[in-house]
2 protein chains.
Amino acid sequence: MSGGVEWGLHCCVVLSGSGEPVPAAKLAEFHDVSPSYLAKQLQLLSRAGLVRSTQGQSGGYGLTRPPAEITVLDVVEAIDGSRPAFRCTEVRRRGPLAAPPEKCLTPCSIARVMDAADRAWRESLRAVTIADLAGEVGRTSGPETLARARAWLQT
Amino acid sequence: MSGGVEWGLHCCVVLSGSGEPVPAAKLAEFHDVSPSYLAKQLQLLSRAGLVRSTQGQSGGYGLTRPPAEITVLDVVEAIDGSRPAFRCTEVRRRGPLAAPPEKCLTPCSIARVMDAADRAWRESLRAVTIADLAGEVGRTSGPETLARARAWLQT
DNA sequence: GTCAACTCGGACAGGACGGGTCCGTGGCAC
DNA sequence: GTGCCACGGACCCGTCCTGTCCGAGTTGAC
Ligand code: FES
Ligand code: FES
């Protein structure tokens, strides 16, 4: 999985509840990561419709929806792609004892198991929203942490 | 995820209940895949202790345990590795407002969510065994399918 | 209205990792 | 002894991730 997922998720958390747009350079300095590369991740988020960018002076990025309506799965799929990790290549149809096409109407049982596991993974990620993450941060690191971060971003 | 997982899983299914060892070349011909690459996957399975190889003439591979005691997760981890997909790089400790070390005793909430999803995925894979897969194949493709496959491998 | 500065957006290289292949070595049965 | 087979490592190649760059467009100020 792409390492940029962590950056995108952290960006979404600090962006939650920030009314003013935040430039990508500020976000990069805040997290101490490469500005150019983080810009690419933000582009992916923008293309997926999770964040909206306003150009010009005093422009930047902001969430398009309330944080409670953005799930972790949305961010992960936007950055890392939405294709499943396991890809069935229909091995059963090859070889000397290949299964005839009339027996391949249903997916292979192995593919079904893999697909079920993938669905469980996605369901677990869909159950958590950005708002949940922000609340958790306030609970573990103190409520003032997020406020100070947003204030620093506005400067 | 590595595409060889599909091959290894199919190999384990056809190997289940086969008393005689099966050479790697036969398995490759049966699935119509590259013999060299499948050999590498079988080596990984052997290193993980799932299959045992007998050398010399009329040698080959065979399962070490009953099929009901080998889970799909065992095969996936043997071939694809057991490290989680998401790797936390502790972004919160960097930047101008870095979290102090005394607040980083517990993992980041984002990392916790990712870890929970990964655990759900693994749990879903651990619930299915090779014997279950073999039974499913017999139910959908007819009970004689596996028997014919094993007979072909013995030739 | 004009200018300038600041922003995003996509196009462009470098490098690391995994897929895929090959051959030499050692061990077992015949 | 001889032939067959698994094992381990070294090797090349394609692909994806990482990282960077500069141009188009927009905004705010003067
Ligand atoms: S044919 Fe693809 S998983 Fe069985
Ligand atoms: S610091 Fe790694 S996920 Fe938050």
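Quick note on labels: first sequence line is chain A, next is B, and so on, each numbered from 1. All values reported here derive from a predicted model rather than from experimental measurement.
Note that OG of B/S36 and CD of B/Q41 are 11.5 Å apart. Values are rounded to the nearest 0.5 Å. The distance from atom OG of B/S2 to atom NZ of B/K40, rounded to the nearest 0.5 Å, is 10.0 Å. For the atom pair CD (B/E123) and CZ (B/R119), the distance works out to 9.5 Å, reported to the nearest 0.5 Å. Rounding to the nearest 0.5 angstrom, the gap separating the CH2 atom in A/W121 from the CG atom in A/L73 is 7.0 Å.
No contact: A/A25 has no heavy atom under 4.0 Å from any strand.
Side-chain nitrogen and oxygen atoms of A/S53 include none within less than 4.0 Å of the OP1 or OP2 phosphate oxygen of C/dT7. Side-chain nitrogen and oxygen atoms of B/R52 include none within less than 4.0 Å of the OP1 or OP2 phosphate oxygen of D/dA6. Look at A/Q43 and you won't find any side-chain N or O under 4.0 angstrom from OP1 or OP2 of C/dC8.
One atom, CD of B/E20, and another, C1' of D/dA6, lie 17 Å apart when rounded to the nearest Å. The nearest whole Å value for the distance from the CD1 atom in B/I79 to the C1' atom in C/dG20 is 15 Å. Taking atom CG of residue A/L44 and atom P of nucleotide C/dA11, one finds them 13 Å apart after rounding to whole Å. Rounded to whole angstrom, the span from the NZ atom of A/K26 across to the C1' atom of C/dC6 amounts to 13 Å. Nucleotide D/dC5 holds its C1' atom 13 Å from the CG atom of B/L27, rounded to whole Å. In this structure, the CZ atom of B/R47 is 16 Å from the P atom of D/dA6, given to the nearest Å.
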Q. What pattern of brackets, bars and dots sums up DNA chain C from 5' to 3', given Watson-Crick or G-U wobble pairs under 3.5 Å, [ ] for crossing pairs and | for another strand?
A. ||||||||||||||||||||||||||||||
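By the 4.5 Å heavy-atom criterion applied to side chains, A/L42 and A/S46 are not counted as neighbours.
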Q. What string of B, S and - do you get for nucleotides 14-30 of chain D, 5' to 3', when a contact is any protein heavy atom under 4.0 Å?
A. ----SBB----BBSS--
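Taking the charged nitrogens against the carboxylate oxygens, B/E20 and B/R150 have no contact shorter than 4.0 Å, which rules out a salt bridge. Ion pairing between a basic and an acidic side chain is recognised when a charged N comes within 4.0 Å of a carboxylate O; A/E6 and B/R87 show no such pairing.
Residues B/L50 and B/I70 share a closest heavy-atom pair of O-CD1, 4.2 Å. Among all heavy-atom pairs drawn from A/V51 and A/T64, the shortest one is C-CG2, 3.4 Å.
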